[in-house]
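Take a look at the structure set out below.
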Amino acid sequence: MLLPMSGVIGMNSSMDDMTLIQQSQRHHLGVRELGEEIDLEIGPGEDDPSFGNGVLIGAPMRESSAEEHGESKQMGMVSQIRNDSQDMSKNQQVKRKKKVVKRWREEWADTYKWAYVDVKEGTPRIFCSVCREYGRKHRRNPYGNEGSRNMQMSALEEHNNSLLHKEALRLQMASKDKIVVDKPVYVKVAMSKTAGSILEATLKRDPHEVEFIQAVQEAVQALERVIAKNCRYVNIMERLLEPERVIVFRVSWVDDRGVTHVNRGFRVQYNQSMGPCRGGIRFHPSMNLSVAKFLGFEQTLKNALSPYKLGGAAGGSDFDPKAKSDNEIMRFCQSFMSEMYRYLGPDKDLPSEEMGVGTREMGYLFGQYRRLAGHFQGSFTGPRIFWSGSSLRPEATGYGLVFFAQLMLADMNKELKGLRCVVSGSGKIAMHVLEKLIAYGALPISVSDSRGYLVDEDGFDYMKISFLRDIKAQQRSLRDYSKTYARSKYYDEAKPWNERCDVAFACASQNEINQSDAINLVNSGCRVLVEGSNMPCTPEAVQILRKASVLIAPAMAAGAGGVVAGELELNHECSLMHWSPEDFESKLQDAMKQTYQRAIKAATDFGYQKESPEALVHGAVISAFLTIAQAMTDQGSV
């Protein structure tokens, strides 16, 4: 909660510490009241005589008292005479407190937009909102550890003159609004009473499902104008936030040593009001019910926004396919499908590839499904050419992201040619993004994995991409790339968002861009962020990017290429023939253009400017929700 700063509000200078502690615990204050007293701890030899007489960040001048003047004079004498009595040296080493009264003026409020009050070891202190440290513990430079020139400055002055604080202030200039720094699962944003009640009900029902709550918050915030315009959508939204069917089951499998392992499987058939479910299967240790619900919710909106009438689903397991043999993965997939097959079918639910699930895994899953179901009706989206329809299904999502970015840039009278692009991830989506960026004449410079990121200042070409694929196929580190190409470098435990770029493609995983990453993106010159993975930005990161006017292409719109290709595969006309790459790309571009236009139209219909940073994000959610809401209304309360 941010306190009003409209005028000079006097506070009782004798306010006790308990009141201050209670305020800090209750509000995590971002701004302190005008005229309040704060404690600055002064250590030995740190009391600058000019501190009392100098101007403190625009604070009014005050004359030093005779007592203070004498005290500073005495301090100088002590520094010159080192052989004084032992008692005097002891008094010099004792840490003293000096209470400084600051009559804050209007410009002081800007200083504390990036600070908050918290209690450290029983003492209320002022913390930096970026580095989460106080006093001289501030990291002056995120790229190094440079100190302040004048170590006799107060902790507050030192912070204000630090490189880190100045970096935060540069971002702050993008907007006059204050950023709330808090630690809950969701960011407190201004919402209407009705929209807020929907989010509160979700929090009360599923308090521990962090990813799902975050997805719901973003959707509710985007739909606030829609809900305010027609109150009947409140009930529709409440029904939409509860999945139609949630399946949780045990997956037992035997490794190559004969040891039995047990994992947990999930499938959330989220909403079928638009048609049979389509959605991915993810194999990753972080997979849980919250992630499955969040992915199913996002997939439902993504499918509704696409040109096809499809429901949404998602699922997977906490199984980790890394370092597993082909036989172990096959046995796991067969065990997984032995439970799942009864819930699948061309008119029920057909899964597709997701993180940790590629052509190999989909082949094993489909083989077991065909064996148990006893027929070959339809196919899972993603397997190989010779037993499915479309020839470009694996490339569709990555290519679609680049097509969508080109549509955004065209509206800005720009094009991808010559632009410097940063890409995260190194899976199939990221690799296909690199391919299509090169085809458009852009300069992609980075990829990443779970241990760091690789940057090539010369940019990638088709030969380098082939080399990257070989590295990934052999399960080697991206570091091996830099041993072959001298102009490249691999950074451990880092992300590529501080690299200079014009366009960024987030293709790794959810919440890969946090608050500090968003600051780095803004400072690196990024103007467009394309979401290749579902929900790649934390709520704090989204707020920062919007304030800096960075355009965001939401995953539910930009990632619709996979939906389009999957539906073309399952179409009867398509299954009898193979599309040429040119025909397929033409159809994919048309579908992405329709998706883009639907999102923009929905945003402008509800008062969002086409050029505003939130237009595409809110427009995509609005268009998808209205489509689903109409279907749910027509079908009654089911």
Side-chain angles (χ1 to χ4, degrees), residues 171 174 395 397-426 429-448 453-465 468 481 485 487-489 491 495-508 512-513 517-533 536-537 541 544-546 548-555 557-559 561 585 588-589 592-593 595-596 599-600 610-613 615-617:
L171 177 62
E395 292 90 341
T397 303
Y399 284 10
L401 293 174
V402 179
F403 294 155
F404 201 90
Q406 182 69 8
L407 290 169
M408 295 175 65
L409 292 170
D411 276 351
M412 301 165 62
N413 295 320
K414 297 180 180 180
E415 58 180 6
L416 278 168
K417 186 176 182 180
L419 295 186
R420 188 178 170 95
C421 300
V422 166
V423 180
S424 69
S426 53
I429 294 178
M431 292 301 172
H432 295 139
V433 167
L434 295 180
E435 283 183 1
K436 191 51 65 175
L437 285 175
I438 294 171
Y440 272 92
L443 184 70
I445 62 166
S446 73
V447 289
S448 67
Y453 78 92
L454 172 73
V455 60
D456 189 332
E457 291 296 335
D458 293 332
F460 296 111
D461 55 29
Y462 292 117
M463 184 178 296
K464 292 178 178 179
I465 292 176
L468 283 172
Y481 178 96
Y485 296 96
R487 287 269 293 166
S488 65
K489 187 174 182 180
Y491 295 89
K495 302 176 185 178
W497 309 124
N498 58 352
E499 296 292 335
R500 181 175 59 84
C501 66
D502 303 297
V503 183
F505 292 82
C507 305
E512 60 175 298
I513 301 177
D517 297 328
I519 294 174
N520 290 336
L521 265 177
V522 173
N523 291 335
S524 66
C526 178
R527 304 312 308 156
V528 176
L529 171 65
V530 183
E531 296 183 349
S533 57
C537 299
I544 289 174
L545 294 172
R546 287 180 184 172
S549 299
V550 176
L551 296 181
I552 300 176
E585 285 198 28
L588 182 59
Q589 284 180 317
M592 298 306 297
K593 186 175 182 180
T595 302
Y596 177 78
I600 289 294
K610 185 178 180 180
E611 300 80 12
S612 64
L616 268 174
V617 178

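Residue numbers count from 1 along this sequence.
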**Study point:** Qualifying residues under side chain to side chain donor-acceptor pair (under 3.5 Å), relative to E512, sequence neighbours excluded
**Key:** S424, S533
Study note, to complete from the structure: Of all heavy-atom pairs linking L401 and F505, the shortest is O-CE2, 4.0 Å
Review point. Taking side chain as C-beta onward, heavy atoms only, is C537 less than 4.5 Å from E531?
Key: yes
Practice item. Output all residues satisfying side chain to side chain contact (heavy atoms under 4.5 Å, CB included) with T595, sequence neighbours left out; order by chain, then residue number. Key: L305, P307, A557, A560
Check your understanding: C507 versus V433: any side-chain heavy-atom pair under 4.5 Å?
Key -> yes
Exercise for review: Under the side chain to side chain donor-acceptor pair (under 3.5 Å) rule, collect the residues that match up with Q589, sequence neighbours excluded.
Suggested key: Y440
Revision key, fill the gap. Heavy-atom closest pair (S426 atom, V447 atom, distance to 0.1 Å) is CB-CB, 4.4 Å
Check your understanding: When I552 is tested against each of L545, V528, L616 for side-chain contact (heavy atoms from CB on, under 4.5 Å), which residue passes?
Key -> L545
Exercise for review: Answer yes or no: is there a side-chain heavy-atom contact under 4.5 Å between L551 and M412?
Suggested key: yes
Exercise for review: With sequence neighbours left out, write down each residue that passes side chain to side chain contact (heavy atoms under 4.5 Å, CB included) with S488, or none if nothing qualifies.
Suggested key: L454, D456, Y481, S482, Y485
Review point. Which residues pass the side chain to side chain donor-acceptor pair (under 3.5 Å) test with R420, sequence neighbours left out?
Key: E457
Study note, to complete from the structure: Looking only at heavy atoms, the pair that brings D458 and L443 closest together is O-CD1, 3.6 Å
Review point. Partners of A439 by side chain to side chain contact (heavy atoms under 4.5 Å, CB included), sequence neighbours excluded?
Key: K436, Y462
Review point. Would you say the side chain of Y399 lies within less than 4.5 Å of the side chain of E435, judging by non-hydrogen atoms?
Key: yes
Point to revise | Shortest non-hydrogen contact between W497 and S524, atoms and distance | key: O-OG, 3.6 Å
**Study point:** Considering all heavy atoms, the nearest L434-S446 contact
**Key:** CD2-O, 4.2 Å
Study note, to complete from the structure: In short, M431 meets L468 closest at the heavy-atom pair CE-CB, 3.7 Å
Exercise for review: Over 60° means perpendicular and under 30° means parallel, so classify the ring planes of Y453 and Y491, tilted if in between.
Suggested key: parallel
Review point. Any side-chain heavy atom of V617 sitting closer than 4.5 Å to one from R546?
Key: yes
Practice item. Using the test side chain to side chain contact (heavy atoms under 4.5 Å, CB included), find all partners of K417 that sit at least two apart in sequence or belong to another chain. Key: E415
Practice item. Flag the pair C501 / L521 as yes when at least one side-chain heavy-atom distance between them is below 4.5 Å, and no otherwise. Key: yes
Point to revise | Any donor-acceptor N/O pair, Q406 side chain to L416 backbone, under 3.5 Å | key: yes
Review point. Is there a side-chain contact between P444 and I438 (heavy atoms, below 4.5 Å)?
Key: yes
Check your understanding: Who passes side chain to side chain donor-acceptor pair (under 3.5 Å) against K610, sequence neighbours left out?
Key -> D411
